[in-house]
> 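I'd like to ask you about the structure that follows.
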Amino acid sequence: MVSLPDGSSRTLTLGSTAYDLALSIGSRLAKDALAVEVSGEQRDLSYELHDGDPVRIITGGSNEGREVIRHSTAHVLAQAVVSLWPGTKFAIGPFIADGFYYDFDLPGGAHFTDDDLGRIEARMREIIKENQPFVREEHTFDEGLSLFDDQPYKTEIIRGVRDASLSGDDLVKEIGLSTNEVSAYRNTESFVDLCRGPHVPATGRLGHFKLTRVAGAYWRGDEHRPQLQRIYGTAFESASALSDYLHRLDEAERRDHRKIGAELDLFHFPPEIGGGLPVFHPKGALIRQTMEDFSLSMHRQHGYQQVWTPHIAKSTLFETSGHLQWYAEGMYPPMEMEGATYYPKPMNCPMHILIYKDKQHSYRDLPLRFFEFGTVYRFERSGVLHGLTRVRGITQDDAHIFCAPDQLANELRTLLEFVLDLLRAFGLTEFEAELATRPEKFVGEQWEWDEATDALRSALESANIPFVVAEGEGAFYAPKIDVHVRDAIGRRWQLSTLQVDLQLPQRFDMSFVGADNVRHRPWMIHRALFGSVERFFGILLEHYAGNLPTWLAPVQVRILSVRDVHDSYADEVCRVLRARNIRVDVELADEPLGGRVRRAKLEKIPYVLVVGDADVSSGTVGVNARGSASPERDVAIDTFAERLEMEIAAKSGPDPS
RNA sequence: GCCCCCUUGGCGCAGUCGGCAGCGCGUUUCCAUGGUAAGGAAAAGGUCGUCGGUUCGAUUCCGACAGGGGGCUCCA
């Protein structure tokens, strides 16, 4: 007798397997079943059930089902590669968020090329067609070591599991083997792979897969260890689910901010300047300035004072701040000048601290909030640069708040509300936060950490957004909150960071005079809301697929005259709108209307106004809004302008399309 | 930095099994006067990323380098 998730139970004959159970419920379920969860542990369908087991059948459409499919497909990939490159050492092949990968060490140091993917896929399809069973084998550690004695990566894993098992470490679970023996899955006489399982019953259950790319990847992610050849792929339960996924990839490609940036003439990366150093063209600069202006006005409303600091400073400043000690590999190399050594600044905080320290502060001054669009330079290895989301010259919307310790909690609470308000104004509405707490190696006093962490936690609780605690993920000097957002197609981006700094005030010997007429140490909050202006710009372009809301659009309105006799009226409408600070341009009648409308649409301009005979005589315009199915005729100019002004003030519309 | 891929007019791409290169968009000019996603014609525009090698001859084959892209690592 076993129990099912719906509360019912079923009686089976002794020795029945999970597959027998599925079959007893329905032949359809038996056909869809891939694996089973028994007492919270995933098992194969061939698993023999025991009396009283709580059982849940795993089918293809679920996340767990897909994990099983992907993991099993990874094994097929490994078998295919081993058969095509005899002598290959294979490492690990897990499922990942949207697919799976497998890492290989090819004989003679060979490398995969893109062309190999097709050959490997073809071999995989043969293996699937053969409908090879996945047969689970359980071995002692010693048996495992001899079974895989020609597979050094496998034996390394087995030894790791054995040692962890002996020490009772959690690592055992992490690697995926949960008892003091090892399990393996055999597909054929010659192909067997170390694995926790579960797997689909046979390769015939697979087939909706695609290999996507090849990459180099270091064994265990350690660049000092051998570089392996990785193949990425994905797999689904059905052809339609696979094709939906491939469409989502196309959608992400369509939204790529680098592509949109080129199409809309917003920015580019001149090789003459250097990798990761963008230039913003007039339209891109306008968008960026609009973002920054709005941010600055919000900061002023929230009690921030704007400051300005230089781009380079003497090495002694970064010695005091500790950057040269802790962050040197992220810094640009130094410049020598008149006997002193200068560095481009990697962060703005030391300079803001110097502004604070220029005079003595009373508790009455606090909190002090210094804000700056500070451009910092960080050395990023060439391989990690990626459009605007990963650059070497970064403009942070950076501020440092200096407060008395008893002000911290309140300051963080209002700050977090501010963060969310600002992001919402940019159309981002789904937030998830991460609270990173004290790591094992830390500086400072335990009570300081506890107090700062509690203040961060209570800010999160009062902001009412979902958050997870990342135990031990904080920097060595401070706990922090990272705010993540989901964009229009559900991708997650890390944006804002709020960090309570317990160290810099001390390193710079900062102080304020308290009500007790004694000097105290202020606490400091680092915070950036966009994170980096460049990165945020790129994320917004992807979120909106280039269809920026009217307040951000570089050209808000384009006016088209129907025929050349309407040109002067078009100019007149342009003057009227421009006088109301609306960003508008005109394209006169030098080609047919359809072509000009099309071009304006491709430029993703929010409103296209068409003016012809009827409009000239009655002072109206035809309004073609981005995303609307049909244009609106005979709208009075003032009516349109007022509507537009309201929309700009509300930072809304028109709908993207 | 490491692995894989890419580099042909402003942009997107063909192509040359080695014999001095083609399309579409865009640009310019002329014609067309067109009420909502491409009107027509003509012209201009490329030392095929750079340097070296093989060859009678290289944009094509080989090598190095540079730039870009996808990953690894790291992070905003």
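Protein chains get the first letters and strands the later ones, always in sequence-line order, with residue 1 at the start of each.
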> Hey, does Asp613(A) reach any base, or is it just sugar-phosphate, or nothing, if we go heavy atoms under 4.0 Å?
base
> Between A76(B), G34(B), G70(B), which one does the side chain of Ala589(A) approach most closely?
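From the listed options, G34(B) comes nearest.
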> For C17(B), what is the paired nucleotide under Watson-Crick or G-U wobble rules, both distances under 3.5 Å?
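For C17(B), the partner nucleotide comes out as none, under the 3.5 Å rule.
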> Ignoring hydrogens and geometry beyond distance, is a side-chain donor-acceptor pair present between Arg288(A) and Thr395(A) at under 3.5 Å?
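Looking only at side-chain atoms, Thr395(A) and Arg288(A) do form a donor-acceptor pair, the distance falling under 3.5 Å.
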> Which whole number of Å gives the distance between the C1' atom of C62(B) and that of U55(B)?
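Going atom to atom, C1' in each nucleotide, I get 12 Å.
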> Between His352(A) (side chain) and Cys349(A) (backbone), is there a donor-acceptor pair under 3.5 Å?
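No: the side chain of His352(A) does not pair with the backbone of Cys349(A).
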> Could you tell me which nucleotide pairs with A43(B) by Watson-Crick or G-U wobble geometry, both distances under 3.5 Å, or answer none if nothing does?
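Its partner is U27(B) (Watson-Crick or G-U wobble, both distances under 3.5 Å).
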> When only distance counts, do a donor and an acceptor, one from the side chain of Arg598(A) and one from the base of U36(B), lie under 3.5 Å apart?
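Per atom types, no contact qualifies.
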> Got a donor-acceptor contact below 3.5 angstrom from the Ser617(A) side chain to the Asp613(A) backbone?
yes
> Could you check whether the side chain of Gln227(A) and the base of C2(B) have a donor-acceptor pair of N or O atoms closer than 3.5 Å, going by distance alone?
yes
> When the C1' atoms of G1(B) and G18(B) are compared, how many Å lie between them, rounded to an integer?
37 Å
> Select base, sugar-phosphate, or nothing to describe what Ala215(A) touches, counting heavy atoms under 4.0 Å on all strands.
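It contacts base atoms.
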> Looking at the side chain of Arg535(A), which of G34(B), A76(B), A37(B) is the nearest nucleotide?
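Closest nucleotide to the Arg535(A) side chain: A76(B).
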> Rounded to whole Å, how long is the line connecting atom CZ of Phe104(A) with atom P of G71(B)?
19 Å
> For Asp590(A), which contact category applies under a 4.0 Å heavy-atom criterion: base, sugar-phosphate, or nothing?
base
> Contact class for Gly594(A) (heavy atom, under 4.0 Å): base, sugar-phosphate, or nothing?
sugar-phosphate
> Check whether any side-chain N or O of Arg558(A) sits under 3.5 Å from a backbone N or O of Val586(A) as a donor-acceptor pair, and report yes or no.
no
> Look at the side chain of Val384(A) and decide which nucleotide, out of U73(B), G69(B), G34(B), has an atom nearest to it.
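Looking only at side-chain atoms, Val384(A) lies closest to U73(B).
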> Say we look at A41(B) and C23(B): how far apart would their P atoms be, to the nearest angstrom?
14 Å
> Does the distance from a Lys or Arg side-chain N to an Asp or Glu carboxylate O, for Arg492(A) and Glu430(A), drop under 4.0 Å?
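No, this pair does not count.
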> On the side chain of Tyr218(A), is there an atom forming a donor-acceptor pair with the base of G71(B) - under 3.5 Å, no angle test?
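Not at all, since no donor on one side and acceptor on the other fall under 3.5 Å apart.
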> Between the base of C74(B) and the side chain of Arg390(A), is one N or O donor paired with an acceptor at under 3.5 angstrom?
yes
> Check if the side chain of Glu603(A) and the base of A37(B) share a donor-acceptor pair of N or O atoms closer than 3.5 Å.
no
> Given atom CZ of Phe267(A) and atom P of G68(B), what is their separation to the nearest angstrom?
14 Å
> Taking any heavy-atom pair under 4.0 Å as a contact, classify Val565(A): base, sugar-phosphate, or nothing.
nothing
> What's Gly531(A) touching, base or sugar-phosphate or nothing? Going by heavy atoms closer than 4.0 Å.
nothing
> Determine, for Arg599(A) against Glu587(A), whether the closest basic-nitrogen to carboxylate-oxygen distance falls under 4.0 angstrom.
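Answer for the salt bridge query: yes.
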> Classify Leu495(A) by what it touches in the nucleic acid, base, sugar-phosphate, or nothing, heavy-atom distance under 4.0 Å.
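Sugar-phosphate: the residue Leu495(A), judged by heavy atoms under 4.0 Å, touches backbone atoms but no base.
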> Which one, G69(B), U36(B), A76(B), comes nearest to the side chain of Lys480(A)?
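Among G69(B), U36(B), A76(B), the one nearest the side chain of Lys480(A) is A76(B).
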> Taking the C1' atom of each, how far is C20(B) from G15(B), in whole Å?
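That atom pair is separated by 15 Å.
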> Any donor-acceptor pair under 3.5 Å joining the side chain of Asp615(A) to the base of G35(B)?
yes
> For A76(B) and Arg527(A) - does any side-chain N or O of the residue sit under 4.0 Å from the phosphate oxygens OP1/OP2?
no
> Nearest to the Val214(A) side chain among C4(B), G69(B), C3(B), which nucleotide is it?
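When the side chain of Val214(A) is considered, C4(B) is the closest of C4(B), G69(B), C3(B).
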> Taking the six-membered ring of Trp85(A) (Phe, Tyr or Trp), confirm whether the NZ or CZ of Arg119(A) is under 6.0 Å from its centre and within 45° of its axis.
yes
> Report the distance from atom CD of Gln494(A) to atom P of C75(B), rounded to the nearest whole Å.
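My rounded result for the distance is 11 Å.
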> Would you say the side-chain atoms of Asp615(A) pair up with the backbone N or O of Gly619(A), donor to acceptor, closer than 3.5 Å?
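The answer is no, because no donor-acceptor pair under 3.5 Å joins these two groups.
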> Just call it for Glu591(A): base, sugar-phosphate, or nothing, with non-hydrogen atoms closer than 4.0 Å on any strand.
base
> Which is true for Gln396(A) with a 4.0 Å heavy-atom rule: it touches a base, it touches only sugar-phosphate, or it touches nothing?
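Since no nucleic acid heavy atom lies under 4.0 Å of Gln396(A), the category is nothing.
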> If we call it a pair only when both distances are under 3.5 Å in a Watson-Crick or G-U wobble match, what pairs with C51(B)?
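Looking at the geometry, C51(B) pairs with G63(B).
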> State the pairing partner of G34(B); accept Watson-Crick or G-U wobble contacts with both distances under 3.5 Å, and report none otherwise.
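Per the H-bond distance test, none.
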> Give the ring-plane orientation class for Phe267(A) versus Phe280(A), where under 30° counts as parallel, over 60° as perpendicular and anything between as tilted.
tilted
> Using the closest heavy atom to pick a nucleotide of RNA chain B for each, name whichever of Val562(A) or Asp256(A) lands nearer the 5' end.
Val562(A)
> Distance check, C1' atoms only: U59(B) and G19(B), in whole angstrom units.
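Per the computed distance, 12 Å lies between those C1' atoms.
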> Using whole Å, what does the distance between atom P of nucleotide G67(B) and atom CD1 of Ile273(A) come to?
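The answer, rounded to whole Å, is 14 Å.
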> Which sits closer to the 5' end of RNA chain B, Gly595(A) or Ala614(A), going by the nucleotide each is nearest to?
Ala614(A)
> If we take the C1' atom in both C30(B) and C48(B), what is their distance in whole Å?
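It works out to 32 Å between them.
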> OP1 or OP2 of C5(B) less than 4.0 angstrom from a side-chain nitrogen or oxygen of Arg213(A), does that happen here?
no
> Could you state the atom-to-atom distance from NE2 of His257(A) to C1' of G68(B) in whole Å?
14 Å
> What nucleotide, of A37(B), G39(B), G35(B), holds the atom closest to the side chain of Lys601(A)?
A37(B)
> Heavy atoms from C-beta onward define the side chain here; which of U36(B), C4(B), C72(B) lies closest to that of Arg230(A)?
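Among the listed nucleotides, the one closest to the side chain of Arg230(A) is C72(B).
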> In whole Å, I'd like the distance from the CG atom of Asp567(A) to the P atom of G34(B).
13 Å
> Distance between the P atoms of C5(B) and U47(B), in whole angstroms?
28 Å
> Can you confirm if the aromatic rings of Tyr377(A) and Phe379(A) lie within a centre distance of less than 6.0 Å?
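Centroid separation for Phe379(A) and Tyr377(A): 6.0 Å or greater.
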> For C4(B), take OP1 and OP2 only and decide whether either is under 4.0 Å from a side-chain N or O of Tyr232(A).
no
> Which nucleotide, if any, forms a Watson-Crick or G-U wobble pair with G57(B), using both distances under 3.5 Å?
none
> Determine the interatomic distance between C1' on G53(B) and the same-named atom on G71(B); round to the nearest Å.
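Between the two C1' atoms, the distance is 32 Å.
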> Applying the Watson-Crick and G-U wobble criteria at under 3.5 Å, what pairs with C75(B)? Answer none if nothing qualifies.
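No nucleotide pairs with C75(B).
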> Identify which nucleotide among U36(B), U73(B), C3(B) has an atom closest to any side-chain atom of Leu593(A), counting heavy atoms from C-beta outward.
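For Leu593(A), the side-chain atoms sit closest to U36(B).
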> Could you give the NE2-to-C1' distance, from His566(A) to G35(B), as a whole number of Å?
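In whole Å, G35(B) C1' lies 9 Å from His566(A) NE2.
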> Could you tell me whether Arg378(A) contacts a base, only the sugar-phosphate backbone, or nothing, with contacts defined as non-hydrogen atoms closer than 4.0 Å?
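Touches a base.
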> How long is the line joining NE2 of His268(A) and C1' of G67(B), in whole Å?
12 Å
> Choose from U33(B), A76(B), G35(B) the nucleotide whose nearest atom is closest to any side-chain atom of Thr497(A).
A76(B)
